[in-house]
Amino acid sequence: MDNHLHIVCLDVPFPPDYGGVFDLFYKIKSLHELGIKIHLHCFEYGRGQQPQLNQYCEEVIYYKRNSSLKNFLRLPFIVSSRINEQLIQNLLKDKYSVLLEGIHCTYYLYNNQLQNRKVIVRLHNVEYEYYQQLSHSTKNILKKIWFYIESKSLEKYEEQIANKALFLTVNEKDTITYQKIFFAEEIEFLPVFLPFEKVNSLIGKGSYCLYHGNLSVSENEKAVVWLLENVFNNLAVDCIIAGKNPSINLQKICKANKNVQLIANPSEEKMKELISEAHIHLLPSFNKTGIKIKLLNALFNGRFIIANSRSIDGTGFNSLCKIEESGEDFKKLIVELMNTEFTEADKLHRVNMLEEQYNNHANAQQLMNYFQATNW
């Protein structure tokens with residue numbers, strides 16, 4: 001097996017401080033531990049160059065995103081902004097296999113400049129669905145129009161490349177979508193790579209409910225507002241909202257509820273503590289694409305989880321979560337669970353379902369096996 005691999009990342013994969021970067025960084029780390037010599041190419045647009053990546057890679061090359069709208073009507077912006085002549089020249093210097101992280105990085109697959117190379121695309125979402133749902137969730141009319149146009153462009157683009165390489169999805173639902181809508185023939189599910197591989201949930205009871213996530217993301221803010229208006233509006237249970245960069249509007253809404261505490265930009269250690277000590281994790285979602293890292297974090301490190309069907313769609317985690325849809329049903333279940341201990345049996349059920357599937361070492365080996373087997 002060739003032990004050199006090009007990885008093209010849509011963003012700088014360090015530090016792993018938001019959901020989309022977890023899979024990128026811990027995949028790189030796990031491949032390095034297998035002895036793979038990684039040639040990392042990443043687009044930098046605000047996160048800066050990260051010397052820590054050098055310990056896992058043979059080389060790390062950074063490229064600037066191009067914000068020009070020159071190709072706007074022809075290609076999705078997330079793709080056209082990552083067209084870079086130096087990138088393709090670097091990829092063509094040798095014959096090493098290529099892992100393209102996200103639809104974002106697939107332009108040179110789309111235009112056939114990676115023919116006769118072994119190429120795999122890591123699909124982080126069905127992107128046209130993701131942007132369609134962003135369009136629905138935002139209240140900003142200009143953003144709504146932008147996301148809608150991007151969604152339509154992505155739908156056409158994803159159909160055109162769906163059979164140009166082997167695609168690896170983050171959940172079974174995305175696999176089925178690509179097969180049914182885009183008639184993809186070479187597509188497999190490979191679990192996301194995580195910083196945790198052992199279930200560390202504490203037995204017993206906590207004293208509060210928790211919602212955590214990147215609060216600057218419109219979908220997450222929408223979920224928090226829904227909780228505050230429909231669940232905690234008259235519920236005598238303490239709730240903590242924790243995450244990055246909450247808006248002024250969200251701060252005001254949280255402050256108006258005496259049972260709600262907002263913790264903005266907690267440290268990594270503080271966030272770990274909040275997740276571990278919470279009794280109930282509240283994870284409603286209005287977006288059903290990809291897989292929610294915050295859900296996996298809660299499953300590995302937290303106690304009870306109440307989610308809606310969109311949050312767990314395609315994950316196979318139905319038996320590990322309590323599923324409700326309405327605010328009233330969330331309320332009733334919160335009251336019930338606050339008086340219920342999380343048991344050793346609850347933890348063991350998670351161990352049996354999660355630890356084999358989310359094994360970084362085994363999944364890194366499976367990724368390299370795909371390169372070995374693929375004819376692309």
Side-chain angles (χ1 to χ4, degrees), residues 19 129-130 133 136-137 171-173 199 201-215 217-243 250 253-254 256-262 274-343 345-350 353-354:
E129 286 187 343
Y130 176 66
Q133 291 169 31
H136 291 157
S137 66
N171 67 24
E172 296 284 7
K173 175 185 165 293
V199 174
S201 303
L202 297 177
I203 305 307
K205 293 173 67 176
S207 60
Y208 60 88
C209 299
L210 175 69
Y211 178 93
H212 78 278
N214 183 345
L215 301 178
V217 174
S218 60
E219 187 223 337
N220 291 342
E221 177 167 329
K222 184 177 179 180
V224 172
V225 171
W226 181 86
L227 285 170
L228 297 178
E229 291 181 349
N230 297 280
V231 178
F232 284 94
N233 51 334
N234 58 1
L235 186 65
V237 175
D238 290 334
C239 179
I240 293 176
I241 310 294
L250 187 58
I253 296 172
C254 289
N257 191 314
K258 64 180 181 180
N259 294 327
V260 174
Q261 178 186 4
L262 174 65
L274 290 171
I275 291 169
S276 178
E277 296 291 341
H279 191 62
I280 302 172
H281 292 264
L282 301 174
L283 295 175
S285 177
F286 298 96
N287 185 326
K288 59 180 182 179
T289 63
I291 192 164
K292 310 294 188 292
I293 296 297
K294 57 179 172 279
L295 171 61
L296 286 165
N297 199 343
L299 284 168
F300 274 92
N301 300 303
R303 295 188 180 100
F304 293 112
I305 296 170
I306 306 177
N308 61 359
S309 56
R310 285 192 168 217
S311 188
I312 63 161
D313 191 28
T315 64
F317 297 152
N318 300 55
S319 67
L320 300 179
C321 304
K322 309 293 185 180
I323 313 302
E324 299 292 356
E325 303 299 336
S326 72
E328 284 302 313
D329 287 336
F330 264 69
K331 284 181 184 179
K332 291 175 185 177
L333 191 52
I334 287 170
V335 172
E336 177 186 332
L337 290 178
M338 288 305 294
N339 296 305
T340 305
E341 286 205 355
F342 188 85
T343 67
D346 293 323
K347 180 176 179 178
L348 183 60
H349 185 35
R350 293 186 184 183
M353 285 196 67
L354 297 172

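Note that the numbering runs from 1 along the sequence shown for the chain. All figures in this text were calculated on a predicted structure; none of them were measured in a lab. When reading the values below, keep in mind they use all heavy atoms of this one structure, side chains included, and skip hydrogens, waters and symmetry mates.
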*Would you call Glu129-Lys173 a salt bridge at under 4.0 Å N-O?*
yes
*Nearest 0.5 Å, what's the CG-CD distance between Leu215 and Glu221?*
8.0 Å
*Sort out for me which residue in Asn259, Val237, Ile280, Asp238 forms a side-chain contact (heavy atoms from CB on, under 4.5 Å) with Tyr208.*
Asp238
*Atom pair CZ/NZ of Phe286 and Lys222 - distance to nearest 0.5 Å*: 5.5 Å
*asked:* Any non-hydrogen side-chain atom of Ser276 less than 4.5 Å from a side-chain atom of Leu202?
replied: yes
*Would you check, one step at a time, whether the test side chain to side chain donor-acceptor pair (under 3.5 Å) holds for Ser319 with His349?*
CA-CA 9 Å; Ser319 67; His349 185 35; 3.1 Å; yes
*Under 3.5 Å donor-acceptor, Ser311 side chain and Pro284 backbone*: no
_Pair Trp226 and Phe330, ring centroids less than 6.0 Å apart_ = yes
*Under the side-chain contact (heavy atoms from CB on, under 4.5 Å) rule, what do Leu228 and Cys254 come out as? Steps first, then yes or no, please.*
CA-CA 7 Å; Leu228 297 178; Cys254 289; 3.8 Å; yes
*Taking the side chain as every heavy atom from C-beta outward, state whether Val225 and Glu229 have any pair of such atoms under 4.5 Å apart.*
yes
*Looking only at atom types and distance, does a side-chain atom of Asn220 sit under 3.5 Å from a main-chain N or O of Asn214, one as donor and one as acceptor?*
yes
_If I take atom OG from residue Ser285 and atom CG from residue Asp313, how far apart are they, to the nearest 0.5 angstrom?_
10.0 Å
*Distance, nearest 0.5 Å, that separates CZ of Phe317 from CG of Leu354*: 5.5 Å
*Just by distance, do the side chain of His281 and the backbone of Asn297 share a donor-acceptor pair under 3.5 Å?*
no
*Would you check if Leu282 and Ile334 make a side-chain contact, meaning some heavy-atom pair closer than 4.5 Å?*
yes
*Search all heavy atoms of Leu295 against all heavy atoms of Leu283 and return the closest pair with its distance.*
CA-CD1, 3.7 Å
*Please say whether more than 12 non-hydrogen atoms of neighbouring residues, nucleotides or ligands are located less than 6.0 Å from NZ in Lys205.*
yes
_For a 4.5 angstrom cut-off between non-hydrogen side-chain atoms, does Leu337 reach Phe342?_
no
*Between Asn308 and Ile323, is there a donor-acceptor pair closer than 3.5 Å when you use the side chain of the first and the backbone of the second?*
no
*Answer yes or no: is there a side-chain heavy-atom contact under 4.5 Å between Tyr211 and Lys294?*
yes
*Examine distances only and state if a side-chain atom of Asn257 and a backbone atom of Ile253 form a donor-acceptor pair shorter than 3.5 Å.*
no
*If you take all heavy atoms of Leu299 and Ile305, which pair is closest and at what distance?*
CD2-CD1, 3.4 Å
*Apply side-chain contact (heavy atoms from CB on, under 4.5 Å) to Ile241 and Leu210, showing your working.*
CA-CA 6 Å; Ile241 310 294; Leu210 175 69; over 6 Å; no
*Distance in Å, Cys209 SG paired with Met338 CE, rounded so as to fall on 0.5 Å steps*: 5.5 Å
_Strictly distance-based, threshold 3.5 Å: is any side-chain N or O of Glu325 a donor or acceptor partner for the main-chain N or O of Ser309?_
yes
*Carboxylate-amine/guanidinium contact Glu328 Lys331, below 4.0 Å*: yes
*How many angstroms lie between atom CZ of Arg303 and atom CD1 of Ile275, to the nearest 0.5 angstrom?*
13.0 Å
